[in-house]
Student: 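My questions will all concern the structure given below.
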2 protein chains.
Amino acid sequence: MVSIKEISQIVGLSPTTVSNVVHGKKSKVSEINYRKIQAALKEHNYVSNMGGRILGRHGSKIIGVILSYSRRSEINVFSDPFYDQIIGSLEEEIRKRGYFMMLYTSGSVNESLQFVSAWNIEGLIILGALPDDAGKLIQERKTPLAFIDTYIDKKFETADFINIGLKDFEGGYQITKYLLSLGHRKIGFCADGVRLFGVDYERFAGFKQALQEAGSQFDSNDFFGLDYQLEPRHAFLKELAKDQLKNFTALVFTSDYLAVDAMNIFQDNGIRVPQDLSVTGFDHNVFSEQCRPKLTTIGQNVRQKAVLAIDHLFKRIKHEGKAVKVNQLLDVELVIQGSTKKR
Amino acid sequence: MVSIKEISQIVGLSPTTVSNVVHGKKSKVSEINYRKIQAALKEHNYVSNMGGRILGRHGSKIIGVILSYSRRSEINVFSDPFYDQIIGSLEEEIRKRGYFMMLYTSGSVNESLQFVSAWNIEGLIILGALPDDAGKLIQERKTPLAFIDTYIDKKFETADFINIGLKDFEGGYQITKYLLSLGHRKIGFCADGVRLFGVDYERFAGFKQALQEAGSQFDSNDFFGLDYQLEPRHAFLKELAKDQLKNFTALVFTSDYLAVDAMNIFQDNGIRVPQDLSVTGFDHNVFSEQCRPKLTTIGQNVRQKAVLAIDHLFKRIKHEGKAVKVNQLLDVELVIQGSTKKR
DNA sequence: CTGTTAGCGCGTTCAA
DNA sequence: TTGAACGCGCTAACAG
């Protein structure tokens, strides 16, 4: 590996001059030397040593992508296509800009902050943060920061807050409206976990709003918190099927994965979808297409989330424009397929 | 951010002494000073600046995970659960050892090598490398290197070659044997892409071997190269279904995803699985479970692949034991489910 | 046995 | 256009 020093000896000029060429500071170097140095850099395949850059406090060119530890187990269990897609898209966007991506699963805010300072991380993308952690992170960070799919208390939305999310409320609202328009009245809501927060909470709120507008009262018995582990979840779903679904004619799920999983168990136990039961998902990912009937679901553009998050993050890093709060919620799209039917 | 120097000023001792405490060299520091320094480190939340480490060539604590660029598009299209799982598992293993993971999609061997030297990467994991690239990488690398699922020319398997793979041949062989034992004679083989290499090539070889042993002759018309893009692939599968599958009674697919995708199209077009056609997958991932009938497939332990690759890689990094060639192919497991039936 | 000083590695910046 | 100095962690050699 060639260093700036070595290049400088080759061309017989000082390291400083070489450095200036590397950084394109044409005004500081004569035309002739500029070309000579540029040729040498190319010929010897110069790559800057990132250690030197970090040390000189000159930008590590690292973007950290932080996954919250608490989510990790779920992701492993679900093999959620969302994470695959978003991480792939983030990596691409980061690389395109000449930066590098460090993927880190963090157990706490402190751990994340240490990660940032050890590497002089230039910017952070935060996936799936808990609301409290998100707030703490905003207060203590010294680096530009962009959240994806995070809902936090308004008081933390400082001037340079960035979040790219989805109109989750709208999604929950739209799909429920659609079911109501088909004549369904007894509709259940299924999410994973007992405690709802973030995107699921919003989707649920949209669901309840639609019911209310239809004059339907939401009953807490209509909420089903599903176990994220396969076996207990399946046992529960089987019981539900035997119980003739307690007279529900439609079930709204917070994800395609859960919807497909449940639909399969229901069908195994003699319940026909959509004849006996309408089922809806959320995400419009591969699962909603690789099942029969295909799922009626809410579509989102995952790639766009990544692109926007990185775009805004880099504006902060490059100090382009004034720091303006960004809380961009992308549009949802109702995708009607075979898993829902007029009642 | 606190540096060693600052800590040393705080406690009134030299930076070296502080450094010794950081590295736990108790023999070089008195009991009293050791405690005093440790307390100061904790109080000021000392985190070592990685720039200094990289610069001093003392190990960057970075493990690079390289995805080949050519595979990237496929992965994005498929949202392959394999990549999600393996990257998650790798990250966990790397983090457990106090290292950091950089994820990088590389377009060429040169790009990968530059990546390594710019960051003083301590070790590399290579996913989905083309055979030629793998060979070149082995010859030119200066860092420990572990491949996952890579088949390369024997001549490149140097003394410190590491590869963790799967008995793909055995998998292809077993599942075909199983179909033969059910009485199937006209069996097709479906893979993505026209040109087979790596794991698919081996699975195909196992398939042919089983056929041959059964006295069945493999006909090149029995191979179907499927488009990785959804629309042309579906159009093709639909035609195949209309053609009554050209009298095939069973189809072997190189992945669960392709198998489920095709099975759905077949079923949409009136072909019953397994009554009219037996279908098999490969991987035993979420797709083979989230379809009906569930797929008969070949199981593999993805997590174990990651753990072993990292284990071997770190043995090299830490220079533990003699450098011995490792080409460990994990066992496969035939998982019999509902998509196959006696003929 | 304990602690210190000196110097390496590389890119950037400031003063000359 | 350049030399010197800086940032930081680590190690070898040396001093107490």
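Small disclaimer: the values here were computed from a predicted structure and weren't measured. Letters A, B, ... mirror the listed sequences (proteins, then strands); counts begin at 1.
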Student: Strictly by modelled atom types, are B:Ser19 and B:Thr16 linked by a side-chain donor-acceptor pair under 3.5 Å?
Tutor: no
Student: Send over the distance from B:Lys28 NZ to D:dT11 P, rounded to a whole Å.
Tutor: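 One finds 9 Å between P of D:dT11 and NZ of B:Lys28, rounded.
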Student: Compute both the distance and the angle, then confirm whether A:Arg95 meets the cation-pi test with A:Phe100: under 6.0 Å from the six-membered ring centre, within 45 degrees of the axis.
Tutor: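 No; the conditions do not both hold, so A:Arg95 does not lie above the ring face of A:Phe100.
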Student: Kindly compute the distance separating CE (B:Met50) from CE (A:Met102), expressed to the nearest 0.5 Å.
Tutor: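 Reported to 0.5 Å precision, the distance equals 7.5 Å.
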Student: What's the separation between atom CG in B:Asn163 and atom CD1 in B:Ile152, rounded to the nearest 0.5 Å?
Tutor: 7.5 Å
Student: Quick one: which of B:Ile138, B:Ile66, B:Ile125, B:Leu124 gives a side chain to side chain contact (heavy atoms under 4.5 Å, CB included) with B:Phe147?
Tutor: B:Ile138
Student: For A:Tyr34 and D:dT1, give me the distance from atom OH to atom P, rounded to whole Å.
Tutor: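 Taking OH of A:Tyr34 and P of D:dT1, I get 12 Å after rounding.
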Student: Do the side-chain N and O atoms of B:His44 and B:Glu6 include a donor-acceptor pair separated by under 3.5 angstrom?
Tutor: no
Student: To the nearest 0.5 Å, how far apart are NZ in B:Lys315 and CD1 in B:Ile162?
Tutor: 9.0 Å
Student: Base contacts versus sugar-phosphate-only contacts with protein, heavy atoms under 4.0 Å: please encode nucleotides 10-16 of chain C as B, S and - from 5' to 3'.
Tutor: BSSBB--
Student: Identify all pairs in which a protein N or O lies below 3.5 Å from an N or O of nucleotides 14-16 of chain D, and state each distance.
Tutor:
none

Student: Measure from CH2 on A:Trp119 to P on D:dC8 and round the result to the nearest Å.
Tutor: 16 Å
Student: Does a donor on one side chain and an acceptor on the other come within less than 3.5 Å for A:Glu91 and B:Tyr104?
Tutor: no
Student: Contact class for A:Ile54 vs. all strands (heavy atom < 4.0 Å): base, sugar-phosphate, or nothing?
Tutor: nothing
